[in-house]
Amino acid sequence: MKSIICFVSTHHGNTRRVADAMARVLDADVLDLDAEDDVDPAILGEYDLIGLGSGIYALRHHPRLLHFASRLPPARDGAAFLFSTRGFGPPGPYHLSLRRRVEDLGYRVVGEFSCRGYDTFGPLSIIGGINRGKPDEADLERAADFAGSLSEGID
Ligand SMILES: Cc1cc2nc3c(=O)[nH]c(=O)nc-3n(C[C@H](O)[C@H](O)[C@H](O)COP(=O)(O)O)c2cc1C
């Protein structure tokens with residue numbers, strides 16, 4: 001199974017750590033959308049499984065990831081999973097925008113993962129931020145387990 005994980009991780013690199021933990025288990029290629037100037041999403045057509053993740057920004061995934069996801073090649077029998085790190089609140093609603101985009105293109109969403117990430121946005125910096133140390137080793141282990149369960153469920 002050929003897998004790729006595409007991510008944006010601009011605030012503290014929280015999501016990058018999750019992406020790396022998942023990529024090790026899946027033996028996936030990793031695409032940092034901030035490091036690449038202009039990635040053509042068409043290159044993703046050759047993958048069986050696509051992971052998409054970022055921090056949560058104003059209640060959704062990062063705009064750069066959302067834009068990228070909207071331009072994915074239409075899926076023939078493609079599978080995708082979604083992930084995020086976030087400051088607070090339950091993850092479900094935060095994933096809806098991204099989920100809708102990939103489902104509209106015909107992808108099966110085969111799993112979703114989220115954990116807390118260190119957050120110093122705005123006034124939070126005055127108190128030293130929240131979720132210091134997150135994602136921690138336990139979060140990364142959960143992320144790896146999640147990725148492992150995906151690779152078992154997809155042929
Ligand atoms: C501008 C900005 C907006 C944010 N908005 C939210 C939000 O709406 N909900 C939330 O749970 N976290 C929010 N956060 C916290 C980030 O989602 C969290 O710190 C995340 O782990 C950052 O991931 P990254 O380091 O991979 O970019 C926000 C952070 C920033 C900087």
Side-chain angles (χ1 to χ4, degrees), residues 3-39 41 44 47 49-72 75 78-105 107-151 153-154:
S3 311
I4 187 166
I5 297 182
C6 311
F7 72 92
V8 176
S9 186
T10 56
H11 190 34
H12 286 294
N14 299 330
T15 315
R16 169 192 299 278
R17 298 179 58 213
V18 171
D20 287 344
M22 291 176 170
R24 274 193 291 277
V25 174
L26 290 168
D27 196 22
D29 292 337
V30 174
L31 182 57
D32 176 353
L33 295 174
D34 268 330
E36 306 288 337
D37 266 352
D38 190 19
V39 185
L44 270 59
Y47 290 91
L49 178 64
I50 300 173
L52 298 164
S54 77
I56 296 298
Y57 295 86
L59 311 179
R60 302 160 16 132
H61 282 86
H62 192 283
R64 189 160 190 178
L65 183 75
L66 293 172
H67 179 62
F68 181 78
S70 300
R71 296 184 300 135
L72 289 175
F81 68 91
L82 318 180
F83 63 102
S84 66
T85 62
R86 67 193 195 278
F88 48 85
Y94 293 155
H95 283 200
L96 287 179
S97 246
L98 179 59
R99 190 181 176 110
R100 201 168 301 128
R101 278 172 168 77
V102 299
E103 284 182 340
D104 283 353
L105 289 167
Y107 290 84
R108 272 180 303 130
V109 174
V110 293
E112 299 187 50
F113 177 89
S114 184
C115 67
R116 299 298 172 111
Y118 183 42
D119 182 7
T120 55
F121 177 50
L124 291 175
S125 62
I126 297 166
I127 56 162
I130 57 172
N131 310 326
R132 185 177 285 275
K134 301 283 268 178
D136 58 19
E137 285 310 312
D139 294 317
L140 298 180
E141 205 171 305
R142 275 199 308 120
D145 288 348
F146 165 82
S149 71
L150 291 175
S151 62
I154 295 169

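From a predicted model like this one, the values you see are computed outputs, not experimental measurements.
- Between His11 and Tyr57, the ring-plane angle classifies as perpendicular under the 30° and 60° cut-offs.
- Between Leu44 and Cys6 there is a side-chain heavy-atom pair separated by less than 4.5 Å.
- Annotation: the span from Leu150 atom CG to Phe113 atom CZ amounts to 11.0 Å, rounded to 0.5 Å.
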Original post:
Going through the checks in order, is the side-chain hydrogen bond (donor to acceptor under 3.5 Å, both in side chains) test met by Thr15 and Thr85?
Top reply: CA-CA 6 Å; Thr15 315; Thr85 62; 2.9 Å; yes
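- Side-chain contact between His61 and Ser97 is absent, with no heavy-atom pair separated by less than 4.5 Å.
- Open room surrounds CG on Asp27; 12 or fewer heavy atoms of other groups in view lie less than 6.0 Å from it.
- We find that Arg142 and Asp139 are joined by a salt bridge, their nearest charged nitrogen and carboxylate oxygen being less than 4.0 Å apart.
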**OP:** Given side chain to side chain contact (heavy atoms under 4.5 Å, CB included), test Val8 with Phe68 step by step and report yes or no.
**Re:** CA-CA 10 Å; Val8 176; Phe68 181 78; over 6 Å; no
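- Looking only at side-chain heavy atoms (C-beta outward), Glu112 and Pro91 stay at 4.5 Å or farther from each other.
- You'll find the side chain of Asp29 stays beyond 4.5 Å of the side chain of Ile5, heavy atoms only.
- Taking the ring centroids of Phe146 and Phe83, they lie at or beyond the 6.0 Å cut-off.
- At a threshold of 4.5 Å between non-hydrogen side-chain atoms, the residues Phe81 and Leu26 count as touching.
- Rounded to the nearest 0.5 angstrom, Phe7 CZ and Asn14 CG are separated by 11.5 Å.
- In this structure, Tyr118 OH and Lys134 NZ are separated by 14.5 Å, a value rounded to the nearest 0.5 Å.
- Dense packing is recorded around CD of Glu103, with more than 12 heavy atoms of other residues, nucleotides or ligands lying under 6.0 Å away.
- Rounding to the nearest 0.5 angstrom, the gap separating the CG atom in Leu52 from the CZ atom in Arg99 is 12.5 Å.
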**OP:** Under the side chain to side chain contact (heavy atoms under 4.5 Å, CB included) rule, what do Asp34 and Arg64 come out as? Steps first, then yes or no, please.
**Re:** CA-CA 8 Å; Asp34 268 330; Arg64 189 160 190 178; 3.0 Å; yes
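- A salt bridge links Arg16 to Asp32: at least one charged side-chain nitrogen sits closer than 4.0 Å to a carboxylate oxygen.
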